[in-house]
A.B. asks: 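Please see the structure below; I have some questions.
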Amino acid sequence: MSDKTDKPGDWRKDESSVMRAYGELKETVPPARLDERILAEARRVAAKEDDTVVRVHRWRRWTMPAALAATVIFAVPLVVRVFETTAPPPERAPAMVETDAVPAELADRLPTDRARRELAGQSAQPAAAPAPANAFDQPLAVSATAADDGPGKRPDSAQQQAVVPDAAITPAESEPQRQAAAEESRDSGSEYPREDAQAQLPQRAETDAYAGSEPAGLRPHARMSGAQVAPMAADTAMANNSRQSKSLGRSGGLMPVDWLDEIASLHESGRELTARRELGLFLAEYPEYQLPQGYPLRAEEAIRPAVIPDAREWLRDIAQLVDRGDNDRARMQLAEFLDYYPDYALPPDFPLRREDAVIER
Amino acid sequence: MLPVMLQTGDDRDLMLRYRDGDAGAFETLYSRHKGALYRYLLRQCNHAANAEEIFQEVWIRVIRSRERYEARAKFTTWLFQIARNCFIDHVRKQGRSAVDLSAAAEPDELHAATGNPESATALSQAGARLAAAIAQLPGEQREAFLLRTEGDFDLAEIAEITGVGRETVKSRLRYAMRKLRNALEEPGHE
C-alpha cells in the first residue's frame with residue numbers, strides 16, 4: 001500500500017497519510033482551570049475599562065483636532081513675529097543686490113537679479129532700474145521717486161527706509177507711498193508679489209553668511225562651527241519641527257563629506273535603514289551633490305524624507321511588535337526611531353523604555 | 001465548517017468587538033482557537049506545565065493588546081506569531097536552544113496535559129507513535145508541521161509567521177512529512 005520511493009513531489013502523499021493519523025491527536029484540549037483563568041482575566045479587563053472606554057474614546061476623538069488647533073494658535077503668531085523682526089536693515093540692500101555670490105542651494109528660492117531681469121525682459125542692471133524685477137529691490141526701486149530718478153541711480157538709504165514695503169516694519173510709511181510701491185511692483189512684472197517679497201527678506205538676510213565663491217555642496221553648513229560629529233545630538237530649537245531636522249547633517253553640523261562618511265559607517269555597521277534614510281536627507285539638502293565613485297550606497301537606494309514614517313505610527317508599529325512578543329525587533333526599531341527622533345518623549349504607556357533600545361549588530 | 005474567508009473575517013470582528021468592550025466576543029474567539037493553540041505549544045514544548053504557562057501568557061498578551069489590535073493580518077496569524085515569540089522567549093529564559101527541545105517527550109508529561117487521565121490509554125498505538133515522532137523532529141520542521149496542522153496555515157502564511165521564505169517552509173514541511181510517514185509505517189503499524 002505505501003509507496004516507499006523517495007521521489008520529490010511525494011510529500012503530498014506523505015502529508016495526507018500523516019494528517020489522517022494526526023486527527024486523533026487533535027482531541028487534546030487545555031485543562032478547564034486554564035480556561036477559567038484566562039476568561040476571567042478577559043472579563044475583568046473588559047469590565048475595568050468599560051466605564052472609561054467611552055470617555056477615553058471621546059477624549060481620543062478630540063486629540064487630533066486639539067493638536068491641530070494648538071499648532072495653529074502657536075505657529076501663526078510665531079511666524080508673524082519672525083517676519084516682523086527679521087527684515088534686513090535697509091542700508092544692506094544695495095550690497096545684497098550687487099552681489100552675484102548667491103549659493104546654489106538658495107538660488108532656487110531667492111530671486112536673483114539675472115533671473116528676474118530675464119523674466120522681465122530687461123538687461124542686467126543694478127536694482128535701481130525703473131522697472132524693478134527683484135523682490136529685494138523693493139526698498140530701492142519700488143518707490144516712485146526712485147523710478148523717476150531714472151536708470152543707474154540708486155535711491156539713497158533714506159528713501160529705502162521710507163519705502164520698506166511692510167507696514168509692520170515701518171509704520172511711519174505713508175499710505176500713498178505704499179500704494180505707489182505696490183503699483184510699481186505689479187507693473188514691473190515682478191514675479192514676486194509684495195507678500196512674497198516680504199517673505200523673501202528674512203531669507204535674503206541669511207545669504208550674507210554664504211558670501212564666497214565655493215560651489216554648493218562644499219560650503220560649511222551655516223550653523224556649524226566645527227566638525228561636530230554627533231549623530232544623536234539634537235538641536236533643541238528644531239526639536240519641534242519637521243522630522244528632517246533630526247538627521248546627522250542638520251542637527252550634527254557635519255560637512256557633506258563627513259556626513260557621507262557617517263552614512264557609509266551606518267551602512268557598514270548593518271544599520272541599513274538608517275543609512276538609507278540619512279542618505280535621503282543628505283540628497284534633499286544637497287540635491288546636486290554627486291556621490292563619490294565606489295560609495296556603498298546609490299542615490300536610488302536613498303529613502304527620501306517623504307516616506308519617513310510618522311513618529312506616532314512608527315511607535316504604534318513598535319508597540320505591536322512587543323504585543324506579538326517580537327521584542328528583539330521591537331528594540332531594534334526603537335533604536336532606529338530614537339536615531340531619528342532623539343528628543344521624542346515616549347508615551348507613558350509605551351511598552352518599552354528608551355534604555356531598551358538596542359543598536360543592531 | 002465555515003469557509004476560511006468568512007471564518008477569518010469573523011475572527012477579526014470578534015476581536016474588534018472585544019476591543020470595544022464585548023467580553024462575550026472574546027469568549028467565542030477563545031473557544032474557537034484554544035485547542036489549536038494549546039496543542040501547538042504542547043507539541044513544541046514537549047512539557048505540559050511549560051505549555052500551559054506559555055499558553056496563558058499568549059492569551060494575556062492578546063487581552064492586553066486589544067486596544068492596539070488593527071486587524072491588518074488574519075487573527076490566527078497574529079495569534080500564532082505571539083505564541084511563537086512567547087515560546088522562543090521561554091526557551092531563551094531556560095538557557096536552551098530550540099534544538100534541545102526536540103528530544104522525545106515523556107509520555108506522562110504529554111498525556112497529563114489532556115486533562116483527561118484516561119486519555120493516555122485512549123491514544124492508539126499509531127497516535128502515540130506519531131506523537132513521539134513529532135517530538136523527535138528538528139525544531140524548525142516540527143514548527144512548520146504544527147503550524148500546518150494546528151493553525152491550518154498555507155505555505156505563505158507559515159513563511160510570514162516564521163520569517164523565512166516560502167520555499168524554505170515547503171522544504172521543511174516535506175522533510176517533516178516524510179519522516180512522520182516513515183515513522184507511521186515502521187514495522188508493527190497496521
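Quick note: numbers below take in every heavy atom, side chains included, and nothing from hydrogens, waters or symmetry partners. Naming convention: chains lettered A, B, ... in sequence-line order (proteins, then strands); numbering from 1 in each chain.
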A.B. asks: Who among A:Ala319, A:Gly23, A:Ala32 has the most heavy-atom pairs with chain B under 4.5 Å?
C.D. replies: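 If we count pairs closer than 4.5 Å to chain B, A:Ala319 comes out on top.
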A.B. asks: For chain A, which candidate among B:Trp59, B:Tyr69, B:Phe55 shows the most heavy-atom pairs at distances under 4.5 Å?
C.D. replies: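 Of B:Trp59, B:Tyr69, B:Phe55, B:Phe55 has the most heavy-atom pairs under 4.5 Å with chain A.
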A.B. asks: Tell me, out of B:Val58, B:Leu37, B:Ile63, who's got the most heavy-atom pairs with chain A below 4.5 Å.
C.D. replies: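 Of the options given, most contacts go to B:Ile63.
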A.B. asks: Tell me every residue that passes side chain to side chain contact (heavy atoms under 4.5 Å, CB included) with A:Arg316, counting only those two or more places apart in sequence or in another chain.
C.D. replies: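 Residues passing side chain to side chain contact (heavy atoms under 4.5 Å, CB included) with A:Arg316: A:Glu313, A:Gln320, B:Glu70, B:Arg72.
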A.B. asks: Below 4.5 Å from any heavy atom of chain A, which atoms of B:Ile60 appear? Answer side chain, backbone, both or neither.
C.D. replies: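 The answer is the side chain of B:Ile60.
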A.B. asks: In this structure, are over 12 heavy atoms from other groups packed under 6.0 Å from A:Phe74 atom CZ?
C.D. replies: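 Incorrect, the count does not exceed 12.
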A.B. asks: Return the OH to OG distance between A:Tyr22 and A:Ser17, rounded to the nearest 0.5 Å.
C.D. replies: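 Result: 14.5 Å between the selected atoms.
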A.B. asks: Tell me yes or no: between the side chains of A:Trp259 and A:Glu285, is some donor less than 3.5 Å from an acceptor?
C.D. replies: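 On atom types as modelled, these side chains do not qualify, holding no pair under 3.5 Å.
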A.B. asks: Anything in residues 22-29 of chain B with a heavy-atom distance to chain A below 4.5 Å? Please list those residues in order.
C.D. replies: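 Checking residues 22-29 of chain B against chain A gives B:Ala23, B:Phe26, B:Glu27.
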A.B. asks: Chain B: which of A:Leu39, A:Leu25, A:Asn327 shares the most heavy-atom pairs with it under 4.5 Å?
C.D. replies: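 Between A:Leu39, A:Leu25, A:Asn327, the count favours A:Leu25.
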A.B. asks: Do B:Asp10 and B:Arg32 meet the salt-bridge criterion of a basic N to acidic O distance under 4.0 Å?
C.D. replies: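 Yes.
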A.B. asks: Partners of A:Asp328 by side chain to side chain donor-acceptor pair (under 3.5 Å), sequence neighbours excluded?
C.D. replies: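 In terms of side chain to side chain donor-acceptor pair (under 3.5 Å), with neighbours along the sequence ignored, A:Asp328 is linked to B:Arg92.
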A.B. asks: With a 4.5 angstrom heavy-atom cut-off, which part of B:Arg64 approaches chain A: side chain, backbone, both or neither?
C.D. replies: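 Only the side chain of B:Arg64 comes within 4.5 Å of chain A.
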A.B. asks: Going by an N to O cut-off under 4.0 Å, is there a salt bridge joining B:Lys74 and B:Asp11?
C.D. replies: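 No, no charged N to carboxylate O under 4.0 Å.
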A.B. asks: Determine whether the side chains of A:Glu336 and A:Thr274 contain a donor N or O and an acceptor N or O closer than 3.5 Å.
C.D. replies: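 Yes, a side-chain donor-acceptor pair sits under 3.5 Å.
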A.B. asks: Please identify, among B:Gly127, B:Gly35, B:Ala176, the residue contributing the most non-hydrogen atom pairs under 4.5 Å to chain A.
C.D. replies: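 Option with the top pair count is B:Gly127.
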A.B. asks: State whether the number of non-hydrogen atoms from other residues, nucleotides or ligands found under 6.0 Å of B:Gln141 atom CD is greater than 12.
C.D. replies: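 Enclosed.
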A.B. asks: Would you mind checking which part of A:Arg37 comes under 4.5 Å of any heavy atom in chain B, side chain (CB onward), backbone (N, CA, C, O), both or neither?
C.D. replies: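 Side chain only.
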A.B. asks: What residues form a side chain to side chain contact (heavy atoms under 4.5 Å, CB included) with B:Ala36, not counting sequence neighbours?
C.D. replies: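 With neighbours one apart ignored, the set is B:Arg39, B:Phe80, B:Glu150.
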